[in-house]
Amino acid sequence: MKVGFIGLGAMGAPMAGHVAGKGLLSVVGNRTVEKATRFAAEHGVNAATSAADFADCDVVLLCVSLDDDVRENVEALAGVLKTGAVVVDHSTVSVDTARWAAQRLAEAGIGFLDAPVSGGVEGARNGKLSIMVGGDAAHLERARPALEAYAARIAHMGGSGAGQATKAVNQVLVAGINEAVCEGLALGEKLGLDPEVLLPTLGAGAAGNWFLDKRGATMLRSEFAPGFKCAHMLKDLRIVQGMAKDAGIRHTAIDQALADYAELTDRGDGDADTSALIQLKRQPTSA
Ligand code: NAP
């Protein structure tokens, strides 16, 4: 099997590294080409300068930023991949983009899976991501050996778009947990509680969670290296808010988180980790 990987960012680079480790990776691409050249030299694979360099891949994995980035790559790959190849998108984008991509590639006889991931950069580095897949089961079986390189769990959630729908639910939980952890730890600071004792005490009880465990200590030191960028969380919440409105549920948690990440992004923290939210929680609400 020949695998290509496009998008060598915080998530994509370690994921592609695992595929290379299994001996499946053939070629990598990235918007800033130097990143691909560097990665290719380190891992003994080829660096792509255009979509044509992916032409003989059986599976192409994407982990880019936005809906438009996915659409641009899918459009380019539709023109070069062979019949029977499968494109797997690990970016977090809308259900509409996933369905459009599946349709666009099907016209060229190419499979598509929307397969967003959860588990953070730690999960990507450790090869322990939860992968939420939408699309055809036969396409998943074809791509599975590549996905297994970095998966703790691969769940086939249904047809096209079901992976992104699952990720939308995931992001509601992640955003709500972040709100609670940042607000709670900001309160803990004001109350003068010792973080060395506070963090393990909270973690050992019902309040324990991934974000507290992975980001609690760093946010209390005001270290906000990503991780998961505020701008990406804002993108996700805009998608999720639209879905919640259409579904007719009460979405106050989504609205609050969206307003907070919009404020962080507006003030120049778009590239900071989502734990930078504690900076807003340290201040009284402006009336
Ligand atoms: P990131 O660090 O910003 O990396 C994105 C990478 O994709 C960059 O290397 C970027 O290239 C490349 N890229 C963007 N547009 C491209 C295009 N049109 N063609 C080729 N390459 C392109 O982001 P990330 O944190 O890895 O996240 C990637 C995706 O996974 C996002 O959709 C995000 O929401 C999702 N996600 C992130 C996390 C997390 O914890 N970070 C967890 C789960 C899901 P440049 O070098 O030119 O910028």
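Source: prediction; values computed, not measured. As a basis for the values below, the full set of heavy atoms in this structure was taken, side chains included, without hydrogen atoms, waters or symmetry mates. Counting starts at 1 for both ligands and their atoms, following the listed order. For reference, positions follow the sequence shown, starting with 1.
- For a threshold of 3.5 Å applied to N or O pairs, the pair formed by Gly7 and ligand 1 contains no separation below that value.
- Residue Ser91 has at least one heavy-atom neighbour below 4.0 Å for each of these atoms of ligand 1: 32 (O).
- In Ala13, neither the side chain nor the backbone holds a heavy atom less than 4.0 Å from any atom of ligand 1.
- For atom 2 (O) of ligand 1, the candidate residues are Ser65, Ala10, Gly29; the nearest heavy-atom contact is made by Ala10.
- Counting only heavy atoms of the protein, atom 48 (O) of ligand 1 lies nearest to Arg31 NH2, 2.9 Å.
- If you run side-chain contact (heavy atoms from CB on, under 4.5 Å) between Val3 and each of Asp58, Val28, Leu61, only Leu61 comes through.
- Contact annotation for Ile6 and ligand 1: only side-chain heavy atoms (C-beta onward) come within less than 4.0 Å of the ligand.
- Contact of the Met233 side chain with the Thr265 side chain is not registered, since no non-hydrogen atoms from C-beta on lie closer than 4.5 Å.
- For the 3.5 Å distance criterion, the side chains of Ser275 and Asp273 qualify, holding a donor opposite an acceptor.
- Every atom of ligand 1 is numbered from 1 in the order shown, and the set under 4.0 Å from a heavy atom of Lys35 is 8 (C), 9 (O), 45 (P), 46 (O).
- From the protein, the heavy atom lying nearest to atom 4 (O) of ligand 1 is Gly9 CA, 3.2 Å.
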Report, one line per pair, each donor and acceptor closer than 3.5 Å where one atom sits in a side chain of residues 126-145; sequence neighbours left out.
{"unit_1": "Asn126", "atom_1": "ND2", "unit_2": "Glu122", "atom_2": "O", "d": "3.2"}
{"unit_1": "Asp136", "atom_1": "OD1", "unit_2": "Ala138", "atom_2": "N", "d": "2.9"}
{"unit_1": "Glu141", "atom_1": "OE1", "unit_2": "Arg144", "atom_2": "NE", "d": "3.1"}
{"unit_1": "Glu141", "atom_1": "OE2", "unit_2": "Arg144", "atom_2": "NE", "d": "3.3"}
{"unit_1": "Glu141", "atom_1": "OE2", "unit_2": "Arg144", "atom_2": "NH2", "d": "3.1"}
{"unit_1": "Arg142", "atom_1": "NH1", "unit_2": "Gly84", "atom_2": "O", "d": "2.5"}

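- With a 6.0 Å radius and a threshold of 12 heavy atoms from other residues, nucleotides or ligands, Lys214 has its NZ atom above the threshold.
- For the 3.5 Å distance criterion, the side chains of Gln164 and Asp114 fail to qualify, holding no donor opposite an acceptor.
- No more than 12 heavy atoms of other residues, nucleotides or ligands lie within 6.0 Å of CD in Glu196, so this atom counts as exposed by the packing criterion.
- From the protein, the heavy atom lying nearest to atom 41 (N) of ligand 1 is Gly227 O, 3.1 Å.
- Remark: minimum distance from atom 34 (O) of ligand 1 to any protein heavy atom is reached at Lys235 NZ, 2.8 Å.
- Contacts with ligand 1 closer than 4.0 Å are made by side-chain heavy atoms of Asn73 only, the backbone lying farther away.
- For ligand 1, the atoms sitting less than 4.0 Å from at least one non-hydrogen atom of Lys167 are 43 (C), 44 (C), numbered in the order shown with element in parentheses.
- The nearest protein atom to atom 12 (C) of ligand 1, hydrogens excluded, is given as Asn30 OD1, 3.4 Å; this is a heavy-atom distance.
- Listed by atom number, the atoms of ligand 1 under 4.0 Å from Glu72 heavy atoms are 18 (N).
- In the hydrophobic clustering of this structure, Val95 does not group with Val240; members are Ile, Leu, Val, Met, Phe, Trp, Tyr whose side-chain heavy atoms approach within less than 4.5 Å, directly or through other members.
- For ligand 1, the atoms closer than 4.0 angstrom to any heavy atom of Cys63 are 7 (O), 28 (C), 29 (C), 30 (O).
- The six-membered or imidazole ring of Tyr150 lies near that of His90, with a centre-to-centre distance under 6.0 Å.
- Given atom 35 (C) of ligand 1, the protein heavy atom at minimum distance is Thr92 OG1, 3.7 Å.
- Protein heavy atom in closest approach to atom 3 (O) of ligand 1: Lys229 NZ, 2.8 Å.
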Please tabulate, one pair per line, all N/O donor-acceptor pairs under 3.5 Å involving side-chain atoms of residues 6-16, not counting sequence neighbours.
none

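- Looking only at side-chain heavy atoms (C-beta outward), Asp269 and Tyr261 stay at 4.5 Å or farther from each other.
- The residue among Asp271, Leu8, Leu62, Val64 with a heavy atom at the shortest distance from atom 22 (C) of ligand 1 is Val64.
- Of all the heavy atoms of His232, the ones lying under 4.0 Å from any atom of ligand 1 belong exclusively to the side chain.
- With hydrogens left out, the protein atom closest to atom 47 (O) of ligand 1 is Thr32 OG1, 2.5 Å, a heavy atom.
- No heavy atom of Met233 sits closer than 4.0 Å to any atom of ligand 1.
- Using the six-membered ring where Trp is involved, His232 and Phe228 have ring planes that are tilted, between 30° and 60° apart.
- No salt bridge links Asp236 with Lys167; every basic N to acidic carboxylate O contact stays at or beyond 4.0 Å.
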